[in-house]
Amino acid sequence: MKTLIAVFLLAAAQDAKPRDLKDRTEIAGTIVCVGCTLQKEAGADAQCTLHARHAQGLRAADGTLYTFLDNAKGHLVIGNEKLRGKEVKVLGWAYPRSLIIEVSKYQVKEGDKWIAWDYCKTCGFEKGDNKDTDQCEDCKK
């Protein structure tokens, strides 16, 4: 049985193509605490303050609740409580058969304007579009 599972996983990994910047999609919504939202709307026993520490996700306009892939970029969105309740447009990869978004960058609505936030390996997310370089101007110096 273990051999069959290993062969299946290996085959699935070989079928996966690497993600590419051109494959990103934009998903708009509001940043919410996933656990609190599920507790309020579906009666989940979320225990946010004990375990998930109010891990954030994206509530799309159609009501779909997305979680973020918890990697270097996603982790900064999952835990940044300053984003909670804000309207955002997330640019990233939405994976088939999941409600998970891998974050590339995002925009936050401030008043009537959408302010672009991009990722810097040193600073985390910073205002301004770094043109997918993963570095802000200060970090390039």
Side-chain angles (χ1 to χ4, degrees), residues 1-2 4-141:
M1 182 70 167
K2 289 181 184 178
L4 180 60
I5 292 171
V7 169
F8 174 75
L9 291 174
L10 181 60
Q14 290 172 345
D15 289 343
K17 65 176 187 157
R19 62 177 178 60
D20 194 301
L21 291 178
K22 68 178 175 49
D23 297 329
R24 294 178 299 182
T25 187
E26 184 176 270
I27 301 174
T30 304
I31 299 292
V32 297
C33 169
V34 173
C36 288
T37 300
L38 291 174
Q39 185 169 342
K40 180 180 177 184
E41 296 177 3
D45 183 19
Q47 300 179 348
C48 284
T49 55
L50 182 60
H51 296 288
R53 296 197 167 65
H54 296 288
Q56 298 176 153
L58 183 72
R59 168 62 65 146
D62 67 1
T64 303
L65 184 59
Y66 292 91
T67 57
F68 297 114
L69 186 64
D70 198 355
N71 60 12
K73 294 180 181 182
H75 191 76
L76 295 171
V77 179
I78 290 168
N80 184 350
E81 63 188 46
K82 292 177 184 176
L83 294 174
R84 195 170 307 132
K86 301 248 186 206
E87 286 184 64
V88 298
K89 293 180 188 176
V90 175
L91 184 62
W93 299 269
Y95 291 100
R97 298 183 304 243
S98 76
L99 293 177
I100 296 173
I101 304 168
E102 182 177 355
V103 177
S104 176
K105 56 185 174 179
Y106 58 91
Q107 296 178 352
V108 177
K109 190 167 189 179
E110 292 183 10
D112 294 339
K113 296 181 181 178
W114 287 98
I115 307 300
W117 287 71
D118 205 351
Y119 182 73
C120 173
K121 290 178 183 177
T122 302
C123 302
F125 275 104
E126 295 291 327
K127 286 186 180 182
D129 188 348
N130 300 329
K131 311 245 184 303
D132 295 317
T133 63
D134 276 350
Q135 292 187 330
C136 67
E137 290 301 315
D138 288 338
C139 295
K140 288 180 185 179
K141 295 178 184 176

J.: Who passes salt bridge (charged side-chain N to carboxylate O under 4.0 Å, His left out) against Lys89, sequence neighbours left out?
T.: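 For Lys89 there are no salt bridge (charged side-chain N to carboxylate O under 4.0 Å, His left out) partners, ignoring immediate neighbours.
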
J.: Rounded at 0.5 Å granularity, tell me how far OG1 in Thr67 sits from CG in Leu58.
T.: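 Thr67 OG1 to Leu58 CG: 10.0 Å, rounded to 0.5 Å.
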
J.: Identify, with sequence neighbours excluded, every residue that meets salt bridge (charged side-chain N to carboxylate O under 4.0 Å, His left out) alongside Glu81.
T.: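 Expected list: none.
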
J.: Where do Val90 and Val103 come nearest, in terms of heavy atoms and distance?
T.: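 Between these two residues, the closest heavy atoms are CG1-CG2, 4.2 Å.
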
J.: So, taking the atom named OH in Tyr95 and the one named CD1 in Ile101, what distance separates them when rounded to the nearest 0.5 Å?
T.: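 Reported to 0.5 Å precision, the distance equals 11.0 Å.
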
J.: Do Val77 and Tyr106 touch side chain to side chain, with heavy atoms closer than 4.5 Å?
T.: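 The answer is yes, as the side chains (C-beta and beyond) meet within the 4.5 Å cut-off.
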
J.: Under 3.5 Å, which donor-acceptor pairs link side chains of residues 23-35 to any protein atom two or more places apart or in another chain?
T.:
residue: Asp23; atom: OD2; partner: Asp20; partner atom: N; Å: 3.4
residue: Arg24; atom: NE; partner: Leu21; partner atom: O; Å: 3.0
residue: Arg24; atom: NH1; partner: Ser104; partner atom: OG; Å: 2.8
residue: Arg24; atom: NH1; partner: Asp132; partner atom: OD1; Å: 2.9
residue: Arg24; atom: NH2; partner: Asp132; partner atom: OD2; Å: 3.1

J.: Taking only residues two or more places apart in sequence or in another chain, which ones pass side-chain contact (heavy atoms from CB on, under 4.5 Å) with Ala72?
T.: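 Result, side-chain contact (heavy atoms from CB on, under 4.5 Å) vs Ala72: Tyr119.
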
J.: Below 4.5 Å, heavy atoms only, C-beta onward: do Trp93 and Leu69 meet side chain to side chain?
T.: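 Trp93 does not reach Leu69 side chain to side chain.
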
J.: Filter on side-chain hydrogen bond (donor to acceptor under 3.5 Å, both in side chains), then keep only pairs touching residues 56-65, sequence neighbours left out; what's left?
T.: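 Only Glu41-Arg59, Gln56-Arg84, Asp62-Thr64 qualify under side-chain hydrogen bond (donor to acceptor under 3.5 Å, both in side chains).
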
J.: Could you go through Gln107 and Lys113, starting from their C-alpha distance and side-chain angles, then the distance that decides it, and tell me whether this counts as side chain to side chain contact (heavy atoms under 4.5 Å, CB included)?
T.: CA-CA 9 Å; Gln107 296 178 352; Lys113 296 181 181 178; over 6 Å; no

J.: Going by the rule side-chain hydrogen bond (donor to acceptor under 3.5 Å, both in side chains), which residues pair with Asn80 if we only count those two or more places apart in sequence or in a different chain?
T.: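 Asn80 satisfies side-chain hydrogen bond (donor to acceptor under 3.5 Å, both in side chains) with no other residue.
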
J.: With heavy-atom distances below 4.5 Å as the criterion, would you say the side chains of Glu110 and Glu87 are in contact?
T.: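 A side-chain contact is absent here, since even the closest heavy-atom pair is not under 4.5 Å.
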
J.: Salt bridge (charged side-chain N to carboxylate O under 4.0 Å, His left out) with Arg19: which residues, sequence neighbours excluded?
T.: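 Only Glu102 meet the salt bridge (charged side-chain N to carboxylate O under 4.0 Å, His left out) criterion with Arg19.
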
J.: Please, which pairs that meet salt bridge (Lys or Arg N to Asp or Glu O under 4.0 Å) have at least one residue in residues 67-77, sequence neighbours excluded?
T.: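 Sorted pair list: Lys73-Asp134.
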
J.: Output all residues satisfying ring-ring contact (aromatic ring centres under 6.0 Å, His included) with Tyr66, sequence neighbours left out; order by chain, then residue number.
T.: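 Testing Tyr66 for ring-ring contact (aromatic ring centres under 6.0 Å, His included), a comparison that skips the adjacent residues, returns none.
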
